[in-house]
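Working notes for the structure below.
Note that the coordinates shown come from a computational prediction; the quantities given were computed from them, not determined experimentally. Start at 1 and go down the list; that is how both ligands and their atoms are numbered. Basis for what follows: all heavy atoms, side chains included, without hydrogens, waters or symmetry-related copies.
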Amino acid sequence: MKNLGILLSGRGSNFEAIADNIAAGKLDAKIAVVISNRADAPGLESARRRGLNALVIPSKGRPREDHDHEVVAALRAHQVDLICLAGYMRLLSPWFVQQFPNRILNIHPSLLPAFPGLEAQKQAFDYGVKVSGCTVHFVDADLDHGAIILQKTVPVLDTDDDHTLAVRILEQEHIAYSEAIRIVLEGKYSIEGRRVRLA
Ligand code: GRF
């Protein structure tokens, strides 16, 4: 059984979707620890309700490397095999990324490389794209940048606003993240440059 470490900063719906899939037997993994850099993250409370190890490692006002060292130590202490960023609003230091080569995943609510950064759904909506979606990718030291594991598309409807679009993208995120975790945990892929080939 592989151990997941979840890093989050807020709502935690992607974390909950992963936890639900594990509980339903659809994903063979264990959530060893949930770590938030914010004490008030609703996702933390949800983790506690589920009886999971839930830690706060505050980041505010601290040098990135100091904070990252503490997070990495906690992930190691819980023998984490794969780290899932799930609404974790911190850029990882290059040092952090080097500690877990190709063992850190992120989900982003756009079809990367379009619309990296904050409010990706609104960026896409305001740009006027007809299709958006979500991306699960390996994490490197650049924001929303590493090799792409999978993407799911979501059409932008004439009746949409940025909120309704975000809701439909989120539904796909909740499916996509567990799919990508399964692929990585089962080792059914190879990486060639930026290309992730599924076996
Ligand atoms: C999601 O849209 C995710 O793609 C982005 O941050 C949001 C987190 O939402 N990285 P939640 O906390 O998982 O509900």
Per the side-chain contact (heavy atoms from CB on, under 4.5 Å) rule, which among Val34, Asp20, Ile31 passes with Arg50?
-> Asp20
Show which atoms of ligand 1 fall inside a sub-4.0 Å distance from at least one heavy-atom site of Arg11.
-> 9 (O), 11 (P), 12 (O), 14 (O)
Please check if atom CG in Leu118 has more than 12 non-hydrogen atoms from other residues, nucleotides or ligands closer than 6.0 Å.
-> no
Is it the case that more than 12 heavy atoms not belonging to Glu186 sit under 6.0 Å from its CD atom?
-> yes
Which ligand 1 atoms, with their elements, are less than 4.0 angstrom from a heavy-atom of Glu173?
-> 1 (C), 2 (O), 3 (C), 4 (O)
Using non-hydrogen atoms of the residue, decide whether Gly12 is closer than 4.0 angstrom to ligand 1.
-> yes
Kindly confirm or rule out an N or O of Asn14 lying under 3.5 angstrom from an N or O of ligand 1.
-> yes
Protein residue, atom and distance nearest to atom 11 (P) of ligand 1, heavy-atom basis = Ser13 N, 3.4 Å
Looking at atom 8 (C) of ligand 1, what's its closest protein heavy atom, distance included?
-> Gly87 CA, 3.6 Å
Smallest heavy-atom separation, Leu75 atom then Gly5 atom, equals CD2-CA, 4.1 Å
When every non-hydrogen atom of Ser132 is compared with those of Ala124, the smallest separation belongs to OG-CB, 3.8 Å
Has Leu8 got any heavy atom lying under 4.0 angstrom from an atom of ligand 1?
-> no
Report, in ascending order of atom number, the atoms of ligand 1 lying under 4.0 Å from any heavy atom of Pro109.
-> 2 (O), 4 (O), 5 (C)
Backbone or side-chain N or O of Ile107 under 3.5 Å from ligand 1 N or O | yes
Can you tell me if CD on Glu45 sees more than 12 non-hydrogen neighbours from other groups inside 6.0 Å?
-> yes
Is the distance between the ring centroids of Phe138 and Phe100 under 6.0 Å?
-> no
